[in-house]
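Report on the following structure.
Throughout, protein chains are lettered first and strands after them, A, B, ... in sequence-line order, and every chain is numbered starting at 1. Source: prediction; values computed, not measured.
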Amino acid sequence: MRFATWNVNSVKARLPRLLDWLAGTAPDVVCLQETKVAADGFPEKEVAELGYGTAAYGQGRWNGVAILSRIGLDDVRHGFAGEPGYPGPEARAVSARCGGIRFMSVYVPNGRTPEDPHYTYKLQWLAALRDALVPDLAAGPLVVAGDYNVAPTDADVWDVTVFAGSTHVTPPERAALAAIRDIGLADVPARPLKGDHPFTYWDYRAGMFHQNKGMRIDLVYGSAEVAGRVSDAYVDREARKGKGPSDHAPIVVDLTD
DNA sequence: ATGCCTATTTCCAATAGA
């Protein structure tokens, strides 16, 4: 099985690239984030022509997550039990069972600044996610993949001194990720196709991608059963090149059957 | 060359992203 996660930064704006990438990469399951469309605006017909079923959870202008699968898509859930809102629900998590594994696509709140109420919301959201994953993990193989908006270590940003006082690197955010791993989820390491760091995000501005000044904030967390089946995982930086890319690159994971 | 920000919207200028 091949699965992937990708923050596409608008599925409408990215549709031609998404379709080309699906055809070329041929993943069985894809977790998408920042689709930025309501459920009725998702290009289900276009991905169906490539053989994918869709579970989309969207709200329009911001956020929006989806799972595409060509190996079945059952028991779809929007959000998770106890998920906080700001103040109301936001479309940041969707899960479904595909090929014997429960996949959850997550788009963790950005947090803006450590002083902002959105930062408190981010920490609460991660804590609630951890609690909600405990029963999911007990139920069977699990993958929680997406844009976590946290760089787990100092090596996961291009220059840690630049991030002093910023979100994404603070100890409470990293502790929230560690708490999620501690219930029994492993960080599936992805190899970079170039350079020493498997960055997944590069700011559009100032040629950051071309200087490889990026961040590793998109992550794949898998249960032990899944982690034990990983035969390869890589960041597809090719998808960050060229005209009209997302600012995030996909992570592609191969599992032995 | 990979090439110097992008996507959204009842306000097309303001907001958000990280």
*At under 4.0 Å, does any side-chain N or O of A:His248 touch on OP1 or OP2 of B:dA18?*
yes
_For DNA chain B, the residues among residues 108-129 of chain A that have a non-hydrogen atom under 4.0 Å from it_ = A:Asn110, A:Arg112
*If you measure from the C1' atom in B:dT15 to the same atom in B:dC11, how many Å do you get, rounded?*
12 Å
*How far does the C1' atom of B:dG3 sit from the matching atom of B:dA14, given to the nearest Å?*
28 Å
_Using heavy-atom distances to pick each residue's nearest nucleotide on DNA chain B, tell me which of A:Arg240 and A:Tyr107 is more 5'._
A:Arg240
*Atom CZ of A:Arg205 and atom P of B:dA16: how far apart are they, to the nearest Å?*
14 Å
*With rounding to whole Å, what would you report as the distance between B:dC12 and B:dA16 at their C1' atoms?*
16 Å
_Partner of A:Arg191 by salt bridge (Lys or Arg N to Asp or Glu O under 4.0 Å), out of A:Asp254, A:Asp236, A:Asp232, A:Asp196_ = A:Asp232
*Identify the two heavy atoms, one from A:Met1 and one from A:Phe103, that lie closest to each other, and give their separation to 0.1 Å.*
SD-CZ, 3.9 Å
*asked:* Under a 3.5 Å distance rule, please check whether A:Trp6 uses its side chain to pair with a backbone N or O of A:His248 as donor and acceptor.
replied: yes
Between the protein and nucleotides 6-8 of chain B, list the N/O to N/O atom pairs that are separated by less than 3.5 angstrom.
residue, atom, partner, partner atom, Å
B:dA7, OP1, A:Arg14, NH1, 3.3
B:dA7, O3', A:Ser10, OG, 3.3
B:dT8, OP1, A:Ser10, OG, 2.7
B:dT8, O2, A:Arg61, NH2, 3.0

*Integer angstrom distance from the C1' of B:dT2 to that of B:dA13*: 31 Å
*Heavy atom of residues 206-222 of chain A under 4.0 Å from DNA chain B: which residues?*
A:Ala206, A:Gly207, A:Phe209, A:His210, A:Met215, A:Ile217
*Would you confirm whether A:Ser95, through its side chain, and A:Met104, through its main-chain N or O, come within 3.5 Å as a donor-acceptor pair?*
no
*List the steps, then state whether side chain to side chain contact (heavy atoms under 4.5 Å, CB included) holds for A:Asp147 with A:Ile217.*
CA-CA 6 Å; A:Asp147 180 356; A:Ile217 52 176; 4.1 Å; yes
*With the side chain counted from C-beta on, respond yes when A:Arg237 and A:Leu193 share a heavy-atom pair under 4.5 Å apart, and no when they do not.*
yes
*Between A:Phe199 and A:Arg216, is there a cation-pi geometry (under 6.0 Å to ring centre, at most 45° from the normal)?*
no
*Taking all atoms of both residues into account, what is the closest heavy-atom pair of A:Ala96 and A:Ile67, and its distance?*
N-CD1, 3.7 Å
_Under 4.0 Å between a side-chain nitrogen and a carboxylate oxygen: does that hold for A:Asp75 and A:Arg102?_
yes
